[in-house]
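These notes concern the structure reproduced below.
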2 protein chains.
Amino acid sequence: MKTKNKNLSSGLEDYLEVIYLAHLNNKQLKGAELARQMNISRASVSEALSKLVSKKLINYNSYEAISITKEGIKQASEIYNKHHTLENFFETVLGIEKNEASENACKIEHIISKNVLEKIHEFTDFWINNKNKL
Amino acid sequence: MKTKNKNLSSGLEDYLEVIYLAHLNNKQLKGAELARQMNISRASVSEALSKLVSKKLINYNSYEAISITKEGIKQASEIYNKHHTLENFFETVLGIEKNEASENACKIEHIISKNVLEKIHEFTDFWINNKNKL
DNA sequence: TATTATTGTAAGGTAAACCTAACACTTTGT
DNA sequence: ACAAAGTGTTAGGTTTACCTTACAATAATA
């Protein structure tokens with residue numbers, strides 16, 4: 001007796017994030033291209049896409065470009081914001097180099113709580129405005 | 001042609017961490033107790049313990065207390081330090097409540113890079129010494 | 001348009017972590 | 001010392017997320 005689980009797995013979040021990015025950049029994105037970008041087999045992408053379709057986060061028909069739904073955008077942008085907040089904190093406050101900042105953000109974005117994220121965001125803003133006083 | 005993988009999975013790191021804690025507190029720890037603490041079946045713990053034994057991170061014989069090896073201590077203490085550094089940062093710098101700080105640390109400790117961790121540590125120290133100036 | 005390239009999917013497989021049920025072994029308490 | 005309680009392992013399942021191989025469908029191009 002399994003019911004729909006509201007929360008996406010890290011994996012599905014990753015797919016959705018790439019799709020969202022393509023959407024932001026007005027890039028057509030097909031399954032094969034997604035597979036290339038994520039370094040994952042076309043077969044696995046195919047499976048993942050049907051999950052995202054059944055969760056109504058994307059629309060997709062074979063051989064057409066993937067499109068993201070309103071709800072998909074909502075969820076993806078949350079993840080994407082987390083990514084940015086983390087990356088920004090790592091770079092601006094901790095002085096981590098962009099690449100490493102991004103890699104760490106990519107992993108942490110899926111598991112950090114909303115509240116901690118907010119605090120990190122606030123702190124980064126605060127830091128930018130006040131670090132000169134130290 | 002599979003060779004030994006140097007890195008532990010998150011899961012095995014969790015087991016090792018609990019074993020390490022018992023070691024620090026001079027507590028005898030048997031598989032069944034470990035299962036209880038981690039809310040996992042005895043069967044799963046049994047499997048996990050044989051993996052840790054084969055990686056020479058613990059010593060273990062049925063019905064005896066689990067003991068951790070030198071290498072096990074080395075690896076566990078690294079994870080444990082990460083946990084502490086993160087928890088401390090969340091509490092001290094971000095003002096997160098202990099429980100949430102710990103929960104987030106538990107997840108992030110397995111995936112954050114060593115370098116970022118060090119920077120967080122340094123920053124926390126710096127913050128403690130200088131926040132009064134703001 | 002015929003051929004080649006690209007794209008998508010189905011089938012079947014692997015590996016990791018978990019589970020329950022059943023059974024065997026060990027320890028404890030009376 | 002023996003029954004009850006506790007502990008450990010095995011066998012067999014599930015789920016998730018990958019994979020390869022093989023084939024089918026579509027698109028691009030000579």
Side-chain angles (χ1 to χ4, degrees), chain A residues 1-19 22-23 27-55 57-68 75-76 79 106-107 109-111, chain B residues 1-19 22 27-68 75-76 79 106-107 109-111:
Chain A
M1 194 205 288
K2 62 158 35 181
T3 30
K4 56 201 163 175
N5 179 358
K6 211 183 119 190
N7 286 182
L8 290 184
S9 64
S10 289
L12 286 188
E13 285 189 354
D14 281 332
Y15 289 105
L16 190 62
E17 205 174 347
V18 176
I19 293 166
H23 163 80
K27 297 263 197 236
Q28 297 284 308
L29 181 65
K30 292 184 176 183
E33 176 56 24
L34 183 51
R36 261 175 245 122
Q37 274 186 43
M38 299 186 67
N39 236 285
I40 274 170
S41 73
R42 293 201 310 277
S44 298
V45 166
S46 180
E47 286 173 21
L49 291 182
S50 16
K51 286 181 198 162
L52 291 174
V53 165
S54 75
K55 287 169 188 292
L57 300 173
I58 63 170
N59 287 127
Y60 173 61
N61 295 297
S62 298
Y63 306 102
E64 290 175 8
I66 303 159
S67 75
I68 189 165
Q75 294 200 27
I79 306 159
C106 267
K107 292 182 271 173
E109 68 192 22
H110 302 296
I111 58 181
Chain B
M1 195 206 289
K2 64 158 31 177
T3 28
K4 55 199 162 178
N5 181 358
K6 213 182 115 191
N7 285 179
L8 289 184
S9 65
S10 289
L12 286 187
E13 284 189 354
D14 281 333
Y15 289 104
L16 190 62
E17 205 174 347
V18 176
I19 293 165
K27 296 261 198 238
Q28 297 285 306
L29 182 66
K30 291 184 177 183
E33 176 56 25
L34 183 52
R36 261 175 246 121
Q37 273 187 44
M38 300 186 66
N39 236 284
I40 275 170
S41 73
R42 295 202 308 278
S44 298
V45 167
S46 180
E47 286 172 22
L49 292 182
S50 16
K51 286 181 198 160
L52 291 174
V53 165
S54 76
K55 289 172 187 290
K56 298 194 194 302
L57 299 174
I58 62 169
N59 287 125
Y60 173 61
N61 295 296
S62 297
Y63 305 101
E64 289 176 8
I66 302 159
S67 74
I68 190 165
Q75 294 200 27
I79 306 160
C106 267
K107 292 183 270 174
E109 68 193 20
H110 302 296
I111 58 181

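We name chains A, B, ... by the order of the sequence lines, and we start the count at 1 in each one.
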Would you say D:dA17 has OP1 or OP2 under 4.0 Å from some side-chain N or O of A:Lys51? yes
For B:Gly11, which contact category applies under a 4.0 Å heavy-atom criterion: base, sugar-phosphate, or nothing? nothing
Atom CG of A:Leu52 and atom P of C:dG8: how far apart are they, to the nearest Å? 14 Å
Does anything in residues 35-42 of chain B reach DNA chain D, meaning a heavy atom under 4.0 Å, and if so which residues? B:Arg36, B:Arg42
Provide, to the nearest angstrom, the distance between the CG atom belonging to A:Leu34 and the P atom belonging to C:dT6. 18 Å
Here the pair of heavy atoms bringing B:Ile68 nearest to B:Ala76 is CD1-CB, 4.2 Å
Whole-Å distance, A:Leu49 CG to D:dC18 P, equals 12 Å
Suppose the criterion is salt bridge (charged side-chain N to carboxylate O under 4.0 Å, His left out): which pairs have a residue in residues 35-49 of chain A, not counting sequence neighbours? A:Glu33-A:Arg36
Under 4.0 Å: is that the gap between some side-chain N or O of A:Ser44 and OP1 or OP2 of D:dC19? yes
If I take atom CD in residue A:Gln28 and atom C1' in nucleotide C:dT7, what distance separates them, rounded to the nearest angstrom? 15 Å
B:Ser44 meets the side chain to side chain donor-acceptor pair (under 3.5 Å) criterion, sequence neighbours left out, with B:Ser41
Distance check, rounded to the nearest 0.5 Å: A:Ile66 atom CD1 versus A:Leu52 atom CG? 9.0 Å
Are OP1 or OP2 of C:dG8 and a side-chain N or O of A:Tyr60 less than 4.0 angstrom apart? yes
One should read off an interatomic distance between B:Glu17 CD and B:Gln75 CD, to the nearest 0.5 angstrom, of 12.5 Å
Output the distance between atom CG (B:Leu34) and atom CG (B:Leu49), rounded to the nearest 0.5 Å. 6.0 Å
Given that A:Lys30 and A:Ser10 both sit by DNA chain D, which one's nearest nucleotide is further toward the 5' end? A:Ser10
Interface polar pairs with nucleotides 11-13 of chain D, N/O, under 3.5 angstrom:
none

Measuring from A:Lys51:NZ to A:Ser46:OG, what's the distance to the nearest 0.5 Å? 11.0 Å
Specify the separation, in whole Å, of atom CG of A:Leu12 and atom C1' of D:dC18. 13 Å
Check the phosphate of D:dA17 against A:Ser9, side-chain N and O only, distance under 4.0 Å to OP1 or OP2. Yes or no? yes
Measure OH/B:Tyr15 against C1'/C:dA16 and give the value in whole Å, please. 11 Å
Not counting sequence neighbours, which residues clear side chain to side chain donor-acceptor pair (under 3.5 Å) with A:His110? List them please. A:Glu13, A:Asp14
Atom CG of A:Leu8 to atom P of D:dT16: distance rounded to whole Å? 13 Å
Quickly work out the B:Asn61 CG to D:dT9 C1' distance and round it to whole Å. 14 Å
Taking every heavy atom of A:Gly31 against every heavy atom of A:Val45, the minimum-distance pair comes out as O-CG1, 3.7 Å
Give one of base, sugar-phosphate or nothing for A:Ser62, where a contact means two heavy atoms less than 4.0 Å apart. sugar-phosphate
Show me, pair by pair, the donor-acceptor contacts under 3.5 angstrom made by side chains of residues 56-63 of chain B, not counting sequence neighbours?
none

